[in-house]
A.B. asks: 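Got a structure here, written out as structure tokens. Questions coming.
Every chain is numbered from 1, with letters handed out A, B, ... down the list of sequences.
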Number of protein chains: 2
Amino acid sequence: MAGRADSGKTAESSDKVSVICRALRRAIIEQALEPGAKLPEDSLGERFGVSRTIARHALGQLAAEGLVELRRNRIAVVATPSWQEARDAFDIRIELERLVVRQLAGKLTKAQIAELTAHVDAEDRARDGSDAVSIRLATEFHILLAHMTNSPILVRYVSEVAYRCCLTLSLYSRPHSSECAINEHRAIIAALAKGDVDKVMGLMHSHLDSVATRALVAPSPQRGRDLLDILAPYADEASGEKMVKLPKAARR
Amino acid sequence: MAGRADSGKTAESSDKVSVICRALRRAIIEQALEPGAKLPEDSLGERFGVSRTIARHALGQLAAEGLVELRRNRIAVVATPSWQEARDAFDIRIELERLVVRQLAGKLTKAQIAELTAHVDAEDRARDGSDAVSIRLATEFHILLAHMTNSPILVRYVSEVAYRCCLTLSLYSRPHSSECAINEHRAIIAALAKGDVDKVMGLMHSHLDSVATRALVAPSPQRGRDLLDILAPYADEASGEKMVKLPKAARR
DNA sequence: GGCGCTCGAATTGCATGCAGTTTGAGCCAC
DNA sequence: GTGGCTCAAACTGCATGCAATTCGAGCGCC
């Protein structure tokens with residue numbers, strides 16, 4: 001067994017806030033909610049049958065995870081990470097997941113290996129379905145790995161950063177490319193089972209790196225969704241006190 | 001300049017919630033609030049001149065950062081990480097900070113190097129003061145480094161995990177040992193300035209590793225604060241539905 | 001004296017209400 | 001038409017109120 005005692009749950013349990021968080025998180029990573037989508041407190045509250053207070057609290061949590069952007073007196077929106085932030089997220093993710101597989105190599109039980117294999121099989125079966133589901137399953141594979149370290153902190157960070165990466169994929173990725181990724185998952189499982197630490201760390205590194213470079217196509221100027229997003233940072237500058245009035249264009 | 005554009009602020013700005021978060025965070029890492037200290041919503045609200053709603057929201061944010069433990073219907077307390085969690089936090093921190101210095105090596109401006117040096121000087125001057133302040137300054141040195149990457153995500157993760165480590169130091173550390181750490185900080189600055197990537201990554205690794213192993217003395221059984229804490233996990237098990245009544249000792 | 005029980009005080013979970021800000025649709029002048 | 005202005009609706013920021021739960025001091029029993 002690759003274990004220590006569990007006890008998990010950082011702040012996630014069964015209260016209404018957590019339920020809403022989970023629902024929104026999933027909606028976001030499945031792209032049911034695209035980056036930039038508005039998330040008014042009332043609507044959320046109504047949709048989930050709770051008061052604004054609760055919806056608001058949930059948005060706060062998701063903002064802390066970087067999935068939602070919260071600006072004072074403004075409606076909350078699904079986060080729209082910049083290209084650079086996306087690249088940063090992947091860099092961090094690579095380090096964290098190398099740590100995961102380093103801890104896991106050669107320490108997995110047969111049951112755990114079976115669980116991983118089953119998950120990848122599920123990914124395989126979902127290949128015909130929507131891209132969104134494929135992406136979600138691929139992400140969940142990595143989170144499943146993190147869980148097996150039994151380190152709640154590691155689980156939290158890997159989950160967060162993986163969700164963020166997932167979000168950026170929906171922004172900057174083209175058609176999609178999960179076919180090969182599935183085989184890479186299988187290779188990682190094999191190397192983990194074999195206990196080859198260096199090999200599995202290398203595999204994980206190149207796996208994530210290739211996903212990143214394949215998806216985050218280029219530092220080429222024009223890849224933002226639309227002018228609105230492109231102009232957003234300038235608007236932000238303006239809200240930072242000084243600067244006259246003059247934005248007469250750039251409404252909507 | 002080692003930069004890209006900033007824009008930062010994940011969810012931290014100037015609303016009352018953030019103010020309370022910052023205050024509590026600082027109080028926690030300076031050990032004004034020890035692990036296990038109670039944080040009732042009313043008291044916080046009263047103390048900061050806000051309503052319970054706001055205090056509650058702030059506690060939610062801090063819980064997301066792992067500095068506060070939130071259990072349903074129970075009073076919030078400053079987090080009391082287990083020894084294993086502390087070790088995990090340090091492992092993650094090592095990887096993240098290696099990434100920081102890797103990005104920074106040879107790319108710092110003279111002004112930035114001066115800023116870092118000034119900070120370490122401040123650490124030096126604070127050596128006679130309380131341990132709490134020394135620890136805080138040492139932690140802030142690392143966060144300052146992270147800021148210089150201009151990667152908001154990296155800043156956030158390094159900050160969080162550094163605060164967590166800070167928290168565990170107050171739990172498991174003995175007298176204190178920052179004297180040598182200060183010199184290690186200077187060495188890191190020098191290596192960064194010189195642009196020696198491998199050297200600085202090695203320095204950071206051994207720096208953090210030595211802090212961790214010096215502080216987190218041993219996996220020896222008895223280091224929890226008191227019986228209450230030791231019994232806490234068992235109580236948790238019990239609250240997980242089954243298990244009869246029987247805990248008759250272990251009140252307070 | 002120690003142990004368990006009971007009940008009031010303390011505290012949380014959540015909804016609602018009010019004030020201030022932002023949004024954007026319509027209107028007017030050009 | 002085009003650009004700017006106005007104002008009501010939409011929305012957020014925050015406090016307060018009420019029900020449900022937990023805490024803990026005191027009381028009775030062994």
A.B. asks: In whole Å, what is the span from the CZ atom of Arg71(B) to the P atom of dT22(D)?
C.D. replies: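 From Arg71(B) CZ to dT22(D) P: 11 Å.
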A.B. asks: To the nearest Å, how far apart are Lys16(A) NZ and dT12(C) P?
C.D. replies: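 In whole Å, dT12(C) P and Lys16(A) NZ are 18 Å from each other.
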A.B. asks: Using every non-hydrogen atom in the two residues, find where Val161(B) and Ala89(B) come nearest and quote the distance to one decimal.
C.D. replies: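 Heavy atoms of Val161(B) and Ala89(B) come nearest at CG2-O, 3.5 Å.
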A.B. asks: Side chains of Ile135(B) and Ile29(B): closer than 4.5 Å at any heavy-atom pair?
C.D. replies: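 No, side chains not in contact.
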A.B. asks: Can you tell me the distance, in whole Å, between the CZ atom of Arg72(A) and the P atom of dG13(D)?
C.D. replies: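 Rounded to the whole Å, the gap is 6 Å.
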A.B. asks: I need the residues from residues 40-53 of chain B with at least one non-hydrogen atom less than 4.0 Å from DNA chain C; give them sorted by number, or say none.
C.D. replies: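 Within this stretch, Pro40(B), Glu41(B), Asp42(B), Arg52(B) sit under 4.0 Å of the strand.
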A.B. asks: Considering all heavy atoms of both residues, which atom of Leu59(B) and which atom of Leu70(B) are nearest to each other, and what is their separation?
C.D. replies: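 Closest pair (atom of Leu59(B), atom of Leu70(B), distance): O-CD2, 4.1 Å.
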A.B. asks: Does the plane of the ring in His57(A) sit parallel, tilted or perpendicular to the ring in His57(B)? Use 30° and 60° as the thresholds.
C.D. replies: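 Ring orientation, 0 to 90° scale: perpendicular.
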A.B. asks: In whole Å, what is the span from the CG atom of Leu39(B) to the C1' atom of dT12(C)?
C.D. replies: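 Nearest whole value for this atom pair: 14 Å.
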A.B. asks: Round to the nearest Å and state the distance from Leu70(B) atom CG to dT11(C) atom P.
C.D. replies: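 Those two atoms, CG and P, are 16 Å apart.
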A.B. asks: Atom CD1 of Ile54(B) and atom P of dT16(D): how far apart are they, to the nearest Å?
C.D. replies: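 Result: 11 Å.
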A.B. asks: Nearest whole angstrom, please: distance from the P of dT21(C) to the CZ of Arg74(A).
C.D. replies: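 My rounded result for the distance is 13 Å.
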A.B. asks: Would you mind reading off the distance between Asn73(A) atom CG and dT12(D) atom C1', rounded to a whole angstrom?
C.D. replies: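 Taking atom C1' of dT12(D) as the reference, CG of Asn73(A) is at 6 Å.
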A.B. asks: Side-chain atoms of residues 44-51 of chain B: list all donor-acceptor pairs with protein atoms under 3.5 Å, sequence neighbours left out, distances to 0.1 Å.
C.D. replies:
{"from": "Ser51(B)", "atom 1": "OG", "to": "Thr53(B)", "atom 2": "N", "distance (Å)": "3.2"}

A.B. asks: On a heavy-atom basis, which atom in Arg156(B) and which in Ala64(A) lie closest, and how many Å separate them?
C.D. replies: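 Taking Arg156(B) first and Ala64(A) second, the nearest heavy atoms are NH1-O, 2.5 Å.
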A.B. asks: Which nucleotide in the set dC14(D), dT12(D), dC23(D) lies at the smallest distance from any side-chain heavy atom of Ile75(A)?
C.D. replies: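 Per side-chain heavy atoms of Ile75(A), the pick is dT12(D).
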A.B. asks: Which nucleotide sits closest to the side chain of Lys38(A): dG24(C), dC14(D), dT11(C)?
C.D. replies: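 When the side chain of Lys38(A) is considered, dG24(C) is the closest of dG24(C), dC14(D), dT11(C).
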